[in-house]
Amino acid sequence: MPELPEVEILVRHLRPQLQGKRIRGLQVLKPNLLDRISEEELAGLMEGLVIRDIGRRGKFILFETNGPRMVSHLGMTGRMYLQSAGTDLPRHTAVTWIAGRMRFIFEDARSFGSIGISDASLQRMGPEALGETFTPDLLHQSLKGSRTPIKNRLMDQSIVAGLGNIYVSEALFRSGIRPTLASNKVSRARAQRLWSTIRETLGDAIELGVSLSLDFSGTSGRNDGLFYFGSGGRKEDNAEERFLVYGREGKRCRQCGTVVRKVVQSNRSSFYCPVCQK
DNA sequence: CACCATGTTCCTTG
DNA sequence: CCAAGGAACATGGT
């Protein structure tokens, strides 16, 4: 799933289901997801603990307990959900445990996700994109000292935590800035605008996620992009229809009709309108 | 078969 | 030492 909005929606979904539940029978089926810890150690530490809350830091998911806090990341293809305790484990299950009458499933087809109790990754993160410490001024300051393209800077979680490849393209389109623009060329006024569009872009996505009926296990057969777990069926809620520029290379800009372009930066695709974005 | 994919980390280069 | 860029990680979809 994973950029900030998808993780936020997932956290809100999991919270009421896991809060107050005891962790029992934790199993790791994909050991390569373990972050600086062994299966035995993780299972030993978490067994019997009660989950107090589910939180989020950037794209990381935090399981707060009456003991150590578990830190997890979905990578590119991670999913988390609960299913009946008696049901067979899904094919790509990476980690699972029993929570009350249900079984918690963390599955990850591509195995880019992670889980552990180390906060090393969290330590390196910058301000939350939707938090109070992330200000227009701070963004401007962070962009000043580098000639690296703005797209790359916004992907850096130490600059701002939560943006990923899709929403960076979307936010840059909304702010009229080309992904290739050197970050130190972003004026104070543009940084202010960019700050606003980042928050609007993420906020709108969360709002949409709240409004949809989602299938977190992905077993409904529907796959509509980022909230790929089903949409309520409305065509306009599908990813392709929602995005302003992401994935729309060769199609016409929704604002001016110019053909949308793609440029590869650091091995990742960026999309932009050559007229609307300077 | 070729190419693409929502992310992070590690290694190399400058 | 630091910044930037690329590759690696592993698998599925088109």
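All chains are named by letter (A, B, ...) in the order of the sequence lines, taking the proteins before the strands, and each is independently numbered beginning at 1.
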Exercise for the section: Return the value, rounded to whole Å, for the distance between atom CD of A/Q157 and atom P of C/dA4. Expected result: 16 Å
Handout entry: Nearest-angstrom distance, C1' atom, B/dT9 to C/dG12
Key = 22 Å
Exercise for the section: Please determine, for the side chain of A/S146, which listed nucleotide (C/dT11, B/dG7, C/dA4) has the closest atom? Expected result: C/dA4
Exercise for the section: With heavy atoms under 4.0 Å as the rule, sort A/S269 into base, sugar-phosphate or nothing. Expected result: sugar-phosphate
For residues 86-95 of chain A, which side-chain N or O atoms pair as donor and acceptor with protein atoms under 3.5 Å away, sequence neighbours left out?
| residue | atom | partner | partner atom | Å |
| --- | --- | --- | --- | --- |
| A/T87 | OG1 | A/S84 | O | 3.1 |
| A/T93 | OG1 | A/P90 | O | 2.8 |

Exercise for the section: Can you figure out which of B/dG7, C/dG12, B/dT9 approaches the side chain of A/N165 most closely? Expected result: B/dG7
Fill in the blank from the handout: Per atom distances to the A/S111 side chain, the nearest of C/dG12, C/dA10, B/dA5 is C/dA10
Problem - A/W97 and A/F63 aromatic centres sub-6.0 Å - result: yes
Handout entry: Protein-nucleotide distance (A/R124, atom CZ; B/dT9, atom C1'), rounded to Å
Key = 8 Å
Completion exercise
Separation of B/dT8 atom C1' from A/M125 atom CE, nearest Å, is 12 Å
Handout entry: Spacing between A/Q265 atom CD and B/dA5 atom P, to the nearest angstrom
Key = 13 Å
Completion exercise
Looking only at C/dA4, C/dG6, B/dG7, the nucleotide nearest the A/S266 side chain is C/dG6
Fill in the blank from the handout: From the candidates B/dG7, C/dG12, C/dA4, the one with an atom nearest any side-chain atom of A/M76 is B/dG7
Practice task
Please state whether the base of B/dA5 and the side chain of A/R268 form at least one donor-acceptor pair under 3.5 Å?
Solution key: no
Fill in the blank from the handout: Taking B/dG7, C/dA4, C/dA10 as options, the one with an atom nearest any side-chain atom of A/T148 is C/dA4
Exercise for the section: Taking atom CD of A/Q123 as the centre, report whether more than 12 heavy atoms of other residues, nucleotides or ligands fall under 6.0 Å from it. Expected result: yes
Practice task
Could you name each residue pair satisfying salt bridge (Lys or Arg N to Asp or Glu O under 4.0 Å) that touches residues 153-176 of chain A, not counting sequence neighbours?
Solution key: A/R174-A/D204
